[in-house]
Each structure stands twice: as C-alpha cells, then as structure tokens.
There are 2 protein chains.
Amino acid sequence: MFSKTAEYAIRATIFIAQKSDPDHKIGIEEISKAIDSPASFTAKILQMLTRGQELISSVRGPNGGFFMTAEARKLPLLRVLELVGEDGVLKKCVLGLKECSEEKPCPLHHRYRKLKPELARMFEEMQIGQLAGELDAGATFVGNKGRGAGKRPMPGGSKATR
Amino acid sequence: MFSKTAEYAIRATIFIAQKSDPDHKIGIEEISKAIDSPASFTAKILQMLTRGQELISSVRGPNGGFFMTAEARKLPLLRVLELVGEDGVLKKCVLGLKECSEEKPCPLHHRYRKLKPELARMFEEMQIGQLAGELDAGATFVGNKGRGAGKRPMPGGSKATR
DNA sequence: TAAATAAAAGACAAAAATATCTTTAATTAT
DNA sequence: ATAATTAAAGATATTTTTGTCTTTTATTTA
C-alpha cells in the first residue's frame with residue numbers, strides 16, 4: 001500500500017504527536033527506536049515533514065529535537081502523505097492508468113468507486129491528534145518497551161499558543 | 001497502491017481474458033501495446049502468471065501466444081496478485097508493522113478495520129471473466145486505438161473443455 | 001568565547017524494482 | 001529436415017527506493 005518512506009513518516013508523526021510538546025522535544029534516536037526504523041533515513045523523511053514547520057517543528061542544539069504544536073495535531077493524516085508525495089494512492093487509478101474516469105473507466109473502476117472515496121475520507125478526516133490519543137488507549141508501534149511509566153502531561157491541553 | 005509489476009499483471013490478464021481463447025492466442029507485442037507496458041518486462045511478468053498454466057496458458061511457435069481457458073476466467077482477480085507476490089497489500093498492516101492485531105493494534109487499525117476486508121473481498125469476489133466482460137461494456141485500458149471493429153466471438157461461451 | 005549538542009544538508013552506498021537484450025527451446029509450416 | 005515463429009530463460013542495464021555516513025549550521029550551556 002505505502003512505501004517505507006510513507007510508513008515511517010506516518011509512524012514518526014503519530015509518535016511525535018503523542019510524546020512531544022513545545023517544551024519537551026524528542027531526538028531522532030528516540031523516535032527511530034520507538035517506531036522501529038533506521039535513524040538516518042528517518043531523519044531525511046522528517047526533513048520533508050518539517051518544511052515550513054507546519055506539521056512537525058524542530059529546533060537544533062541542546063534540548064532540541066522534534067515536536068508538534070497543538071495546531072499541527074489538528075491536521076489530517078493526509079497531510080503527512082502529501083508532504084512525502086504519496087497522496088496519489090488515494091487519488092489515482094488503481095491500475096495506474098493515466099486516463100480513468102466515469103466516461104473512460106478502467107476495468108476496476110466501477111467496483112472501486114465506492115471504496116476509494118472511503119479510503120480517502122479516512123485519511124482526510126483522521127486528525128493526527130486523535131490517532132496519537134488512540135495510541136495511549138492501547139495501540140502500539142513495536143514491542144511494548146518503555147511504556148507504563150511514561151505518563152506525560154497530555155499534550156494539546158490548554159496552554160498551547162504557537 | 002500496487003507496483004508496476006502488479007499493475008501490468010492485472011491489465012495483461014484482463015486483456016488476455018477478453019481477447020483470447022484456446023484457438024486465438026495473442027502475442028506479447030500485441031498485449032503490451034494494448035495495455036501500454038514495456039514488452040520484455042511484461043513478458044517476464046507473464047512468465048509468473050503462466051507457471052502451471054493455471055491462470056494464463058501459453059504455447060510457443062507459430063500461431064502461439066497467450067490465452068486463457070474458460071476455467072481460468074472463473075478465477076478471482078486475487079489470484080493474479082498472489083502469482084506476482086503482491087497479495088500482501090490486502091492482508092498486511094497499513095503501517096507495515098510486523099505485529100498488528102486486535103490485541104496489539106497499530107494506530108490506524110481500528111479505522112482501517114472495516115475497509116481492509118472490503119478491499120480484500122473486492123479482489124476475492126471479482127472473477128477475471130467478469131472484468132473482461134466489463135471491458136466490452138465500455139471500459140478501456142489506454143487510448144481507444146483498435147476498438148469498434150474487433151467484434152470477436154465472446155469467449156467462455158460453451159465449447160470450453162480444457 | 002568555547003565546547004557540546006542536535007538537526008539540516010549533502011554525498012555516497014546498497015538493494016530492489018523496472019526495463020532491455022541475447023540466447024535457448026518448443027512448435028509449426030514448408 | 002529446414003526455416004520461421006514465438007515464448008522461456010538468462011544475463012545485463014537503468015532507475016528508484018532505501019539506507020548510511022560526513023560535514024555544516026543553529027542553539028544552548030559553561
């Protein structure tokens with residue numbers, strides 16, 4: 001379904017949404033360990049996601065790292081796919097035809113007509129913050145190393161300004 | 001969604017289902033032109049699909065080429081994906097996690113729970129022959145070059161034996 | 001100001017996917 | 001039998017994706 005790039009991008013974003021806030025940033029090592037991805041490669045991907053500091057924010061130097069604002073948490077998961085250039089999955093023809101429409105449908109078109117918008121809606125409507133919340137509610141990325149104790153002050157509470 | 005390999009495999013299969021029968025075989029050149037794919041690469045892919053002559057059949061030499069039996073036309077489209085080793089899309093975790101289940105769900109699990117089976121069912125229930133039929137009913141692969149005249153005797157009628 | 005820290009940026013490497021070309025084997029027609 | 005035709009098989013080439021390593025830049029702390 002998705003490339004490694006997109007997978008890591010989504011996983012990293014959700015993890016950052018869950019574990020960070022403007023005064024508790026996370027380093028690339030911690031992120032890549034938690035989401036089970038190669039560190040330097042993930043760093044590259046995060047560069048795509050920090051462009052414009054719209055989705056993920058970052059600061060360099062001591063106590064630096066990656067974090068998300070409360071604003072950013074409201075963005076749809078689709079934004080992640082867009083930033084890594086993989087939103088095509090949700091828009092293009094399943095069979096990869098350049099031309100595929102109601103007038104000129106590919107053989108799968110009519111049967112996929114219902115599903116495709118549902119899939120797209122899923123990524124449009126799911127807010128990153130919601131997904132991060134569900135992670136708290138039991139969903140995990142890899143092995144449950146480092147959970148249980150880490151009761152952090154729940155991001156996106158009230159003080160958020162940006 | 002799918003790799004080029006899978007896309008070409010599906011397109012070629014549907015095309016062969018539509019245009020061939022045991023005594024009218026199609027060559028790789030015609031196929032690759034019709035489905036807009038590189039010929040030699042498509043040939044390689046067809047080798048995967050002819051293993052065991054279960055899905056696509058082939059014979060060499062003059063008047064040889066690729067074709068499908070009436071039996072084969074009843075197979076689900078899923079079979080194509082299986083033969084090129086890409087049925088994972090329908091089965092594995094959207095985020096690529098090794099472990100992802102009801103007990104240990106990834107962040108997208110609960111929201112994708114409905115859609116995934118529907119997608120899978122689509123490929124399980126769609127018979128290749130049906131798709132080939134829809135092609136006649138207006139669906140196309142590429143530009144409409146070579147349509148209109150080619151009224152061929154509608155395969156899978158009655159004489160099929162194997 | 002100097003040293004330490006951490007991401008950004010760039011160059012490079014390995015692996016996988018995509019694509020092409022050549023040779024071989026099977027089949028048919030002459 | 002020979003030549004012609006067509007897919008199968010194998011080898012090779014190209015491109016893209018994935019992954020690593022090094023250098024630079026920004027930031028903080030001492």
Side-chain angles (χ1 to χ4, degrees), chain A residues 1-13 15-16 19-20 22-33 35-53 55-68 81 83-86 88-89 96, chain B residues 1-13 15-16 20 22-33 35-53 55-68 81 83-86 88-89 95-96:
Chain A
M1 181 106 206
F2 295 116
S3 68
K4 289 292 172 197
T5 296
E7 285 179 8
Y8 298 157
I10 296 175
R11 292 197 228 160
T13 300
F15 181 75
I16 293 170
K19 299 284 190 179
S20 83
D23 40 58
H24 181 90
K25 312 184 185 72
I26 317 182
I28 188 62
E29 286 300 331
E30 189 184 346
I31 294 169
S32 59
K33 250 162 211 145
I35 70 172
D36 189 30
S37 71
S40 339
F41 188 43
T42 308
K44 285 287 173 202
I45 295 166
L46 283 178
Q47 286 179 20
M48 302 193 234
L49 303 180
T50 50
R51 296 278 151 84
Q53 310 273 108
L55 177 65
I56 294 176
S57 309
S58 68
V59 302
R60 306 196 235 200
N63 300 317
F66 300 90
F67 67 99
M68 282 179 83
L81 294 182
L83 286 170
V84 297
E86 288 212 25
V89 196
Chain B
M1 180 106 204
F2 296 117
S3 67
K4 290 290 172 198
T5 297
E7 284 179 10
Y8 298 158
I10 295 175
R11 291 197 229 160
T13 300
F15 181 75
I16 293 170
S20 83
D23 40 59
H24 180 90
K25 311 183 187 73
I26 316 182
I28 188 62
E29 286 299 332
E30 188 184 345
I31 294 169
S32 59
K33 248 161 214 145
I35 69 172
D36 189 30
S37 70
S40 341
F41 188 45
T42 308
K44 285 287 173 201
I45 294 167
L46 283 178
Q47 287 178 18
M48 302 193 234
L49 303 180
T50 50
R51 295 279 151 83
Q53 310 274 109
L55 177 65
I56 294 176
S57 308
S58 67
V59 302
R60 304 195 237 198
N63 301 316
F66 300 90
F67 67 100
M68 282 179 82
L81 293 181
L83 287 170
V84 296
E86 289 213 23
V89 196
L95 294 189

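Proteins come first, then strands; the chains are lettered A, B, ... in the order of their sequence lines, and each starts at number 1.
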Nearest-angstrom distance from the residue atom CD of B/E30 to P of D/dT5: 17 Å
Separation of atom CZ in A/F67 from atom C1' in D/dT27, rounded to whole Å: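 Atom-to-atom, A/F67 to D/dT27, this comes out as 13 Å.
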Nucleotide-resolved protein contact map, nucleotides 6-12 of chain C, B/S/- at heavy-atom distance under 4.0 Å: BBBBBB-
For the residue pair [X] and [Y], what are the closest heavy atoms and their distance?
{"X": "A/V89", "Y": "A/M1", "result": "CG1-CE, 3.9 Å"}
{"X": "B/L55", "Y": "B/L49", "result": "CB-O, 3.7 Å"}
{"X": "A/I26", "Y": "A/F15", "result": "CD1-CE2, 4.1 Å"}
{"X": "B/P22", "Y": "B/M68", "result": "CD-O, 3.8 Å"}

Residues which pass side-chain contact (heavy atoms from CB on, under 4.5 Å) with B/S58, listed by chain and number, not counting sequence neighbours: B/T50, B/Q53, B/F66
Distance-only side-chain donor-acceptor flag, A/T42 / A/S37, under 3.5 Å: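 The criterion, which ignores hydrogens and geometry beyond distance, is satisfied for A/S37 and A/T42.
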From CA spacing to verdict: side-chain contact (heavy atoms from CB on, under 4.5 Å), B/L81, B/F2: CA-CA 9 Å; B/L81 293 181; B/F2 296 117; 3.8 Å; yes
Produce the list of close N/O pairs, under 3.5 Å, pairing protein atoms with atoms of nucleotides 12-18 of chain D; give distances to one decimal.
from	atom 1	to	atom 2	distance (Å)
D/dT18	OP1	A/K4	N	3.0
D/dT18	OP2	A/T5	OG1	3.0

B/E30/B/K33 salt bridge by N-O under 4.0 Å criterion: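 A salt bridge is absent here (no side-chain N lies under 4.0 Å from a carboxylate O).
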